[in-house]
Amino acid sequence: MGQGFAESGADLELVGIRKRFPGFTAIEDLNLSIPAGSFFALLGPSGCGKTTTLRLVAGLEEVTEGRILIGGKDVTATKPYQRPVNTVFQSYALFPHMSVLENVAFGLRRRRIADATGKAHEALRLVELDHLAARKPAQLSGGQQQRVALARAIVNRPALLLLDEPLGALDLKLRRQMQLELKAVQEEVGLTFLHVTHDQEEAMTMADTVAVMNKGRIEQLGAPSVLYELPRTVFVANFLGQSNLLSGPVIGTTADSISVDVEGTRIVVPRSRAHRHRGNVTVGVRPEKLVLGFGPPEESAASNILGPGRVIDVSFSGVSTQYLVAIAGVGTIVVFAQNIGTGPVASVGVEVWVSWRVEHGFGLEDEDAPAPKFPSDTDTATIAVQKKRALMSEFGDS
Amino acid sequence: MTLQEGAVLAGAVTNPPGRAHRRRSGFRLGKWLLPVYAALALLFLLVPIAYTFVFSFNDSIRSNISWRGFTLDNWLAICAAQEVCESFGNSILIAVAATLIATTLGTMIAIALVRYRFKFRSQVSLLLFLPMATPEVVLGAGLAAEFLAAGVQKGIGTVIIAHTMFCISFVVVTVKARVASLDPALEEAGRDLYGSPAQVFWRITFPLLLPGIVAAALLSFALSFDDFIITNFNSGAATTFPKFIYVAAARGIPAEANVVASAVFIFAIALVVVSQVSAAARQRRLAKGT
Ligand SMILES: Nc1ncnc2c1ncn2[C@@H]1O[C@H](COP(=O)(O)OP(=O)(O)O)[C@@H](O)[C@H]1O
Ligand SMILES: [Mg+2]
């Protein structure tokens with residue numbers, strides 16, 4: 001113990017972390033470096049090991065292998081109460097027998113920091129809950145409890161703050177509001193935040209850096225826009241937004257592009273945007289980058305064309321319309337078209353062509369095509385249909 | 001209260017019964033049969049208590065069987081009948097000691113049984129149930145035989161050991177339910193917020209288990225205080241209050257015994273009333289919001 005308030009955030013380094021539970025390896029060779037003062041999001045589906053990673057950093061679980069460094073100091077063997085780290089738990093874990101104020105002052109009192117009550121009030125003011133300081137946690141709403149949990153952690157000025165899906169239990173509106181507040185608090189106090197979530201939108205709007213985790217490994221790490229623009233693996237391409245994925249052998253390379261043969265159609269991807277240049281390559285393009293045409297578009301070196309195909313589904317979602325286009329041999333392609341009132345409106349059964357600019361495509365590292373690697377219920381088309389059903393039922397309800 | 005009754009009570013503490021199904025009120029007889037039946041049952045239960053209370057004011061000489069006039073002497077000088085006072089003191093001493101030891105050990109066992117995985121864990125759980133299911137006569141005789149074999153002098157000490165033994169079972173059952181309902185994340189949050197293991201226990205675990213621990217302690221005290229069978233086998237020359245009453249019943253129970261019994265009854269009722277009233281007040285305070 002002994003550290004006082006952290007002047008600023010500290011960087012976190014995980015080196016070769018492995019965590020085995022009896023009969024199950026939850027974390028497989030995890031290497032991660034989070035710079036001080038950043039807002040870092042760990043994004044992944046449920047069960048991929050996010051909570052386990054946080055618990056290892058907090059000291060609530062012991063690593064099987066590897067080292068954990070906080071601010072350059074090896075803390076692998078230390079106890080949770082000796083680490084300059086605080087956690088906002090997934091379930092909040094507020095002490096039910098203490099008032100809100102006592103909850104927030106708990107950490108300060110344990111470290112015998114002067115004026116614990118004053119500092120606790122200050123932290124409660126930061127989350128705008130000072131007027132409820134005398135209440136018990138059970139008398140607060142979910143959103144208020146979440147803010148108390150945040151204040152209880154932040155008041156200690158930990159060098160590193162761990163947030164385990166703290167917004168998971170909130171409804172959409174409150175979640176958006178809390179995302180903004182969290183971000184504001186992080187900028188105000190300047191601490192390092194490690195935020196865990198399975199909500200890709202949350203990760204992308206809040207974090208400076210996002211790490212996508214899958215089955216106990218980090219698949220890709222980078223700024224949100226980079227991850228979205230240039231996903232490296234099939235998993236990332238599908239988990240972070242939607243993607244149309246096509247695969248085939250490379251049939252030609254130039255100095256700055258590669259060409260892939262997809263069922264007889266030549267698809268060109270910039271060399272700099274492809275992670276593999278040889279053998280079988282999976283190329284992808286985001287649905288909003290696609291343009292629908294009613295006739296064969298003019299061939300040009302600057303764009304890729306697929307078609308003809310038939311529109312099999314149209315769903316209107318306000319700002320955009322989603323089309324599903326079935327193309328023989330290629331499969332189902334998802335297209336998002338902005339509702340700006342100028343473009344053509346296709347209806348089901350119409351023959352269309354799909355095109356996109358070469359610089360919008362990307363090439364993935366994984367050799368396997370998405371179909372065999374993922375069960376059919378998670379492919380892009382199915383997700384699109386599911387989204388449409390959800391949307392329709394929503395419209396039906398209101 | 002016998003141990004079997006205690007087991008039922010411990011069960012009630014740990015699993016509060018669900019709300020009974022409401023019956024349709026079409027049943028005619030129910031209109032008067034149920035109240036009459038309930039009144040009779042209550043009367044049947046209360047008459048001995050009322051009798052004991054009234055006769056604590058009897059101006060008796062040797063036996064306290066026929067009414068000889070009202071007096072407060074019995075209440076003002078309880079210890080005039082020295083045996084009453086002494087046996088009552090012994091009972092209190094034994095109950096307090098057995099409760100303290102059983103509650104402390106039982107709470108620790110309950111936490112260990114819920115929180116830690118170890119060899120023979122389920123067997124230990126099962127063995128702890130045995131004293132509640134075994135007839136008291138068997139338990140008392142068995143213990144007495146063991147004390148004899150080990151050459152231990154019977155007395156207050158052996159009674160405390162015997163009572164601790166069966167009280168532990170009740171404490172474990174009662175506290176275990178409370179530990180199981182305690183979210184481990186709360187203790188983890190305590191450790192995360194710089195609490196050492198001892199601080200986490202005393203500031204988080206213990207306060208949250210306290211209602212269960214208090215219930216267990218009250219149950220232990222009540223079981224120990226009025227135990228007769230096991231006590232009779234293991235007390236040797238020492239006298240406890242139930243044992244004294246049992247022996248005295250043959251030649252006439254002194255009125256002072258009625259005083260003690262009445263006082264215990266009144267104290268217990270007062271305890272219940274106070275706790276109910278304060279719980280209601282707390283509810284109202286919570287409902288108001290601050
Ligand atoms: N104590 C444990 N014992 C065994 N397996 C565990 C334990 N804790 C977590 N796991 C497993 O580790 C995997 C990752 O869990 P977790 O880190 O909680 O995932 P999430 O990314 O949803 O937070 C899950 O498959 C889970 O079943
Ligand atoms: Mg989790």
Report, as yes or no, whether the 6.0 Å neighbourhood of atom [atom1] on [X] holds more than 12 heavy atoms from other residues, nucleotides or ligands.
| X | atom1 | value |
| --- | --- | --- |
| B/Phe129 | CZ | no |
| A/Glu62 | CD | no |
| B/Tyr116 | OH | no |

(request) Evaluate the side-chain proximity of A/Ile113 to B/Tyr194: yes if any heavy-atom separation is below 4.5 Å, no if none is. (result)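 No; the side chains remain at least 4.5 Å from each other.
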(message) Side chains of A/Arg110 and B/Leu193, heavy atoms from C-beta outward: is any pair under 4.5 Å?
(response)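 A/Arg110 does not reach B/Leu193 side chain to side chain.
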(request) Under 4.5 Å heavy-atom distance to chain A, tell me which part of B/Asp183 shows up: side chain, backbone, both or neither. (result)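 The side chain, not the backbone.
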(request) Check whether B/Leu186 gets within reach of chain A through its side chain, its backbone, both or neither, counting any heavy atom under 4.5 Å. (result)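 Both the backbone and the side chain of B/Leu186 come within 4.5 Å of chain A.
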(message) Tell me which of these, A/Leu132, A/Asn86, A/Thr87, has more heavy-atom pairs under 4.5 Å with chain B than the rest.
(response)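 Highest number of pairs under 4.5 Å: A/Asn86.
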Counting only non-hydrogen atoms closer than 4.5 Å, does [X] touch chain B with its backbone (N, CA, C, O), its side chain (CB onward), both, or neither?
| X | result |
| --- | --- |
| A/Phe95 | both |
| A/Leu162 | neither |
| A/Arg109 | neither |

Closest approach of [X] and [Y], non-hydrogen atoms and distance?
| X | Y | result |
| --- | --- | --- |
| B/Arg203 | A/Met98 | O-CE, 3.6 Å |
| A/His97 | B/Leu208 | ND1-CD2, 3.4 Å |
| A/Ser91 | B/Ala185 | OG-CB, 4.1 Å |
| A/Tyr81 | B/Pro197 | CE2-CD, 3.5 Å |

